[in-house]
*Asks:* 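Pasting a structure below so you can have a look.
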Amino acid sequence: MTEGNVFSTSQRTHRCGDLRAEHAAAAVTLGGWVHRSRDLGGLVFMDLRDRAGLVQVSFNPDWTSAAVIAEAAAVGVESVVIVEGIVEPRPAEMRNPQLDTGEIEVRATSLRVVGPAVTPAIPVARGKNDKLPAEELRLRHRSLDLRRPELQANLILRHRLLQVTRQHLSARGFLELETPILTKPTPEGARDYLVPSRVHPGEFYALPQSPQIYKQLFMCSGFDRYFQIARCFRDEDLRQDRQPEFTQIDIEASFIGRDDIMALSEGLIAALWLEAGHDIATPFERMSYADAMERYGCDRPDLRYGLEIDDFTAAFAPLDFVVTKSAIEAGGRVRGLRVPGGAAWSRKQVDELEAVAKGAGAGGLLRIKKSDGKLDGPVAKFLTPEAAEALALQDGELALFVAASDRISSPALDRVRQECARRLGIVDENARRFLWVTDFPMFDRDPASGALAAVHHPFTAANPDDMAAHPDVPEQWRALAYDCVLDGLELGGGSIRTSDPRVQSRMFTLLGIGDESEQERRFGFLLEGLRAGAPPHGGIAFGFDRIAMLLSNGTSLRDVIAFPKTTAARALFENAPSTVPSDDLRQLHLRSTVEGE
RNA sequence: GGGGGCGUAGCUCAGCUUGGUUAGAGCACUUGACUGUCACUCAAGAGGCCGCGGGUUCGAGCCCCGUCGCUCCCGCCA
């Protein structure tokens, strides 16, 4: 294979894991790590590992000198050795079908221990049922953990996905353009990581939360199609799927509309999934934000199962039942879902579902079940025959309702729906349901302060029809924004941007940045770019780490990032962040306010 | 910022419910035996600030308080 030649150097001829039966009789020199060895007394087997895989090296008096056998028996696991030998087919009964190289072995004639290893702090070679060491130890000893074939496979896949991204976009005329890491603090959104300026006392750079404004300026400059594998930074509390620095596939293009971006994105996603061995169908399904919220209570619904939410307000409205009556009178609705088989659940199990609903902010969860043809549950006695008819419950079904405003009932029913699906085991783990959620609202009004906030970001364009129909009611405007969703996870999102500087200025005003000099101070460089002649443009950004995680079948971002941070945003291997000498602070015109410093 | 879980040998864990001889097991490690293993096998050995600090008690790995670290979740993440 040509790959073997690529890895041939002055110090080795092949990679361990590349050897096959076709190499039989070849004299090879291998470099690798001692994965495991078996000393049978006068006869030693060593599993030698490199990133391509494992190969068995055999040390036997018939072809190995006594001195070399003694050295092979003594070398510790995880040491680096260079071995010379002959590739030989194994006798049939000694083949190892669990190993890609299991048809052959390397009969060693020489051995050099070039990198002896102390006993590893955490094991690299693991038995079938061995648990992984604690996350803390894996992160502290990252260079050892990264030797594990699983993590190597993840990072190798990550590399391939990056190459596919570059090839796919480059082939479609997109230019890979870089943007600054030292940028300007952003007034809204997540907290910025700040970098003090030495030459400008008291002033700070920020690390970018995303290259958003830069990529729009590229469009204003006529670069037409841009992409970047962009590192982004957000100083917020972490989660299993959230790191303080992360990688986005950032895309922007000119003279395009929403459908163009979606079609382009579908092509890229399909190419990425194909690289990981999955043939997926395009185009993806589409659903409006309003529809998603109505049917699933959530803007990134998991479509692998049903359990859709329905509106039962009409059935409950005439009833003399205080819970639903007061909610409806207050402008709310009675929404809920019918759970097939749920009638068999115990009181306690349904109570647990109610706890889920309450945890999401609902006041309670109403329940009615139908078994043996009759309705049962605390609410059932309030039902008129007409209301019972309207519920349309099938035998064995449990109906769960939340009577409240949509703002309360949607998130509660979303969580209840997910929990019911989990319990029923109806999530098809092999299905992949890609979905575009479109027509997000432009603004969200903070119920406490009454202030408008951008749902996507302040540069998103509003639907022109909505602006014309309700010029003074911005809450009614839908955004030209779209999210790409897979099985309840957001893969990415984007929008068509406002390219008219007057409209952009008005958006800032609606968001509470009315003062013109304030707008110039914060966003002057964007407004200037728009004023200088901006093409219609828009784009999207995908969370690359999450995509790599999904495609490597992982559950933690830490397993697809070479050197990740802990949930406290610490790097355990290098011990960052750390204090610095006070002289360094003085040069930066900083003084610590931490006690004792 | 808030809540849950975990912290005992290099690693994975038991012991904690109900405080009481010398804190155990498997793997790894060291030594010895073993010529076809592939999680080799067998025998022996070494290995402990029970995360840290304080308290209760005649006595604490175990109970209480605090603290640190890791982790999961809520808030947060335009």
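Reminder, nothing fancy here: chain letters follow the sequence lines and each chain counts from 1.
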*Asks:* So what does A/Ala454 touch, heavy atoms closer than 4.0 Å: a base, only the sugar-phosphate, or nothing?
*Replies:* sugar-phosphate
*Asks:* CD of A/Glu136 versus P of B/C11: gap in Å, rounded?
*Replies:* 10 Å
*Asks:* Given that both distances must come in under 3.5 Å, which nucleotide forms a Watson-Crick or G-U wobble pair with B/A44?
*Replies:* B/U30
*Asks:* What is the distance from CG of A/Asn60 to C1' of B/C38, rounded to the nearest Å?
*Replies:* 15 Å
*Asks:* Does B/C29 have OP1 or OP2 sitting under 4.0 Å from an N or O in the side chain of A/Thr119?
*Replies:* no
*Asks:* Check every strand shown and say whether A/Glu105 touches a base, only sugar-phosphate, or nothing at a heavy-atom separation below 4.0 Å.
*Replies:* base
*Asks:* Answer with base, sugar-phosphate or nothing: what part of the nucleic acid does A/Val455 contact at a heavy-atom distance below 4.0 Å?
*Replies:* sugar-phosphate
*Asks:* Quick one: A/Phe45 CZ to B/G36 C1', roughly how many Å, whole number?
*Replies:* 4 Å
*Asks:* In the strands shown, is B/G66 matched to any nucleotide by a Watson-Crick or G-U wobble pair with both distances under 3.5 Å, and which?
*Replies:* B/C52
*Asks:* Does the plane of the ring in A/Phe525 sit parallel, tilted or perpendicular to the ring in A/Tyr214? Use 30° and 60° as the thresholds.
*Replies:* perpendicular
*Asks:* Starting from P on B/C70, measure out to CZ on A/Arg570 and report it in whole angstrom.
*Replies:* 7 Å
*Asks:* Measure CD1/A/Ile122 against P/B/U12 and give the value in whole Å, please.
*Replies:* 9 Å
*Asks:* Base, sugar-phosphate alone, or nothing: which one does A/Arg36 contact when heavy atoms must sit under 4.0 Å apart?
*Replies:* sugar-phosphate
*Asks:* Of the options B/C38, B/U35, B/A39, whose atoms approach the side-chain atoms of A/Arg90 most closely?
*Replies:* B/C38
*Asks:* Taking only the C1' atom of each, what is the distance from B/A28 to B/U17 in whole angstrom?
*Replies:* 32 Å
*Asks:* Parallel, tilted or perpendicular for A/His23 and A/His14, by the 30°/60° rule?
*Replies:* perpendicular
*Asks:* What does A/Leu511 touch in the nucleic acid at a heavy-atom separation under 4.0 angstrom: a base, only the sugar-phosphate, or nothing?
*Replies:* nothing
*Asks:* Should A/Asp145 and A/Arg140 count as an ion pair when the cut-off is N to O under 4.0 Å?
*Replies:* no
*Asks:* Does A/Gln240 place a side-chain N or O at less than 4.0 Å from the phosphate oxygens OP1/OP2 of B/C72?
*Replies:* yes
*Asks:* Could you tell me the separation between the CG atom of A/Asp237 and the P atom of B/C72, rounded to a whole number of Å?
*Replies:* 13 Å
*Asks:* Base, sugar-phosphate, or nothing: which does A/Thr566 touch, judged by heavy atoms less than 4.0 Å apart?
*Replies:* sugar-phosphate
*Asks:* What does A/Thr186 touch in the nucleic acid at a heavy-atom separation under 4.0 angstrom: a base, only the sugar-phosphate, or nothing?
*Replies:* nothing
*Asks:* Measure from the side-chain heavy atoms of A/Arg242 and tell me the nearest of B/U71, B/C40, B/C77.
*Replies:* B/C77
